[in-house]
2 protein chains.
Amino acid sequence: MKNSKVTKTKKEHINTGNAKITTDIVIFTIEDGELKILLVKRKYEPFKGRWALPGGFIKEVETLEETARRELSEETGVSGVYLEQLYTFGEPKRDPRGRVVTAAYFALAPKHLMSLSASSGAEDAKLFSVKKHPELAFDHEKIMQKALHRLQNKIQYTNLSWSLLPNAFTLSEIQAVYELIWDKKVDKRNFRKKMLTLGLLKPLSKERTGLRQRPAKLYAFKTKTYVELRRFF
Amino acid sequence: MKNSKVTKTKKEHINTGNAKITTDIVIFTIEDGELKILLVKRKYEPFKGRWALPGGFIKEVETLEETARRELSEETGVSGVYLEQLYTFGEPKRDPRGRVVTAAYFALAPKHLMSLSASSGAEDAKLFSVKKHPELAFDHEKIMQKALHRLQNKIQYTNLSWSLLPNAFTLSEIQAVYELIWDKKVDKRNFRKKMLTLGLLKPLSKERTGLRQRPAKLYAFKTKTYVELRRFF
DNA sequence: GCAAAAGTGTTTAACATACACCCATGG
DNA sequence: CCATGGGTGTATGTTAAACACTTTTGC
């Protein structure tokens with residue numbers, strides 16, 4: 001009775017589902033008044049010589065996030081940054097070598113954590129402006145655009161901007177972070193009101209001096225861990 | 001000069017990154033005044049006999065989304081539903097058979113698309129209340145909880161409730177969708193005001209009659225495609 | 001004194017929240 | 001006539017948006 005209707009049996013085959021898994025990391029930072037991403041020049045085929053997102057194959061016993069952190073560290077020398085999973089890309093033809101599925105990660109780092117020169121695999125890692133960068137290998141342009149949208153959305157309802165700023169910063173500096181990410185100006189008075197009433201910041205007793213202008217008060221984030229807000233900008 | 005400092009060369013090895021890829025689908029619907037998910041009883045080891053999310057291994061030439069739709073159709077007979085990628089789970093020990101990475105998908109369907117009895121592989125597919133369901137195989141409980149949070153968040157700023165409702169529905173019925181998903185009551189007058197001013201619905205010239213109560217006006221969604229709103233509930 | 005960015009309030013409109021009673025129908 | 005859910009409005013508080021001038025410093 002129960003097994004009378006087995007017209008189209010489905011089986012789990014041993015030799016199906018095989019693929020190679022990579023992670024690729026889109027890591028943003030802010031440098032020289034521009035939103036930038038970190039790219040590496042490929043040393044091997046395919047796309048040898050082209051710029052690509054840092055990333056690589058998973059190892060037997062690491063989680064996807066561990067792979068992402070390891071590859072980021074090995075290829076660019078960057079570590080200790082904010083990292084979250086972005087999206088998984090698995091189109092059959094996205095890699096000419098065969099079926100390669102990539103779990104893309106999204107990362108943010110303040111510029112001072114991006115000291116590229118000193119690190120091992122970093123000879124060919126470089127920051128590029130998001131608005132003007134070389135053509136990327138594979139489907140990395142698509143991945144990068146998705147990461148950018150994630151960033152633009154997420155700073156609306158989280159405190160994530162801490163991960164792009166140094167410990168102490170002025171209100172103008174944090175405003176600039178938002179403006180660069182959204183690629184538009186925001187109103188200074190409304191921005192400050194909002195930012196201060198959100199209660200994420202604590203004022204420091206120092207000021208930024210030495211510029212030929214009025215000194216600016218310095219602030220720091222109360223917590224440098226991920227916080228979601230009820231509503232935001 | 002450039003290659004003088006190759007202390008720790010990184011290579012892309014041929015035999016690394018291997019894994020099997022599956023997709024698993026968390027599909028929600030509303031039935032008998034409850035938010036439910038569709039589960040299938042496993043026919044094979046591991047976890048033979050346990051309830052699990054529908055899903056399975058990717059084929060050579062399909063995208064991840066195609067895998068999800070195919071598995072959903074084969075295992076439960078359900079097709080033509082709203083589907084989006086949820087998250088990718090790749091812990092090394094999540095599957096006792098070896099390294100299996102799953103790209104989890106999130107799906108929504110109105111109850112009338114969940115006619116399970118008529119379909120091929122559906123003898124062991126069944127709807128369970130989200131609040132009370134059997135213990136799940138693998139890490140599927142974690143996946144389900146993540147999907148539930150996605151659902152609870154996403155109906156705040158999208159028109160996604162169309163995908164849980166029939167073509168025509170009353171305002172009380174759509175309110176019930178929100179209340180079931182959020183597991184809390186909302187104010188009737190405020191809900192209706194909000195829903196109608198959002199402009200997503202068009203009134204139909206019919207009413208729901210035959211119940212021993214005042215007939216309720218019927219509405220339909222203007223568009224049954226994904227729309228993101230600026231803000232919502 | 002001047003260039004440059006810091007700092008500061010008010011007004012208006014939109015939206016969120018709280019809340020209670022009458023209406024139309026089928027039985 | 002009664003049980004059931006359908007249907008409606010107002011008042012208050014909160015948040016968003018628009019908008020321009022004075023202050024402090026280094027040179």
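Any value given below was found using the heavy atoms of this structure, including those in side chains, with hydrogens, waters and symmetry copies removed. Sequence lines set the chain letters: A, B, ... in the order given, protein chains first and strands last, and positions in each chain run from 1.
- Across all strands, A:L171 comes closer than 4.0 Å to no nucleic acid atom at all (heavy-atom distances).
- Within 4.0 Å of A:T209, counting heavy atoms only, lies no atom of the nucleic acid at all.
- Between A:T29 and A:L113, the closest side-chain pair of non-hydrogen atoms is not below 4.5 Å.
- Considering only the side chain of B:R192, D:dG7 comes nearest among C:dA5, D:dT4, D:dG7.
- Distance, A:I174 CD1 to C:dG7 P: 14 Å, rounded to whole Å.
- Rounded to whole angstrom, the span from the CG atom of A:L211 across to the P atom of C:dC2 amounts to 21 Å.
- For A:K217 and A:Y219, the positive end is not near the middle of the six-membered ring at less than 6.0 Å and at most 45° from its axis.
- Atom CD of B:E207 and atom P of D:dG6 are 12 Å apart (whole Å).
- Side-chain N/O atoms of B:K217 include none lying less than 4.0 angstrom from OP1 or OP2 on D:dG6.
- Checking C:dA6, C:dT17, D:dG7 against every side-chain atom of B:K193, the shortest atom distance belongs to C:dT17.
- Whole-Å rounding puts the B:M195 CE to C:dC15 P distance at 15 Å.
- Along DNA chain C, the nucleotide nearest A:R189 and the nucleotide nearest B:R212 are compared for position; the residue whose nucleotide lies closer to the 5' end is A:R189.
- In this model, the phosphate group of C:dA6 is approached by a side-chain N or O of A:S172 to a distance below 4.0 Å at OP1 or OP2.
- D:dG7 atom P lies 9 Å from atom CD of B:Q213, rounded to whole Å.
- Under 3.5 Å, the side chain of A:K188 and the base of C:dA6 form at least one donor-acceptor pair of N or O atoms.
- Distance B:K185 NZ to C:dA18 P: 16 Å, rounded to the nearest Å.
- Looking at the side chain of A:A216, the nearest of the listed nucleotides C:dA6, C:dA3, D:dT8 is C:dA6.
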>> Working note: A:R70 + A:E66, criterion salt bridge (charged side-chain N to carboxylate O under 4.0 Å, His left out); need CA distance, chi angles, decisive distance, verdict.
In response: CA-CA 6 Å; A:R70 176 180 54 75; A:E66 284 164 356; over 6 Å; no
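- Candidate nucleotides C:dA4, C:dG26, D:dA17 were compared by shortest atom distance to the side chain of A:N190, and D:dA17 ranks first.
- Rounded to whole Å, atom P of D:dA18 lies 16 Å from atom CZ of A:F191.
- Remark on DNA chain C: of its neighbouring residues A:D187 and A:P215, the 5'-side contact belongs to A:P215, judged by nearest-heavy-atom nucleotide.
- In this structure, B:I143 and B:L136 have side chains that are not in contact, with every pair of non-hydrogen atoms separated by 4.5 Å or more.
- Ring planes of A:F221 and A:F169: tilted class, angle from 30 to 60°.
- If you measure from atom CD of A:Q175 to atom C1' of C:dG7, you get 12 Å, rounded to the nearest angstrom.
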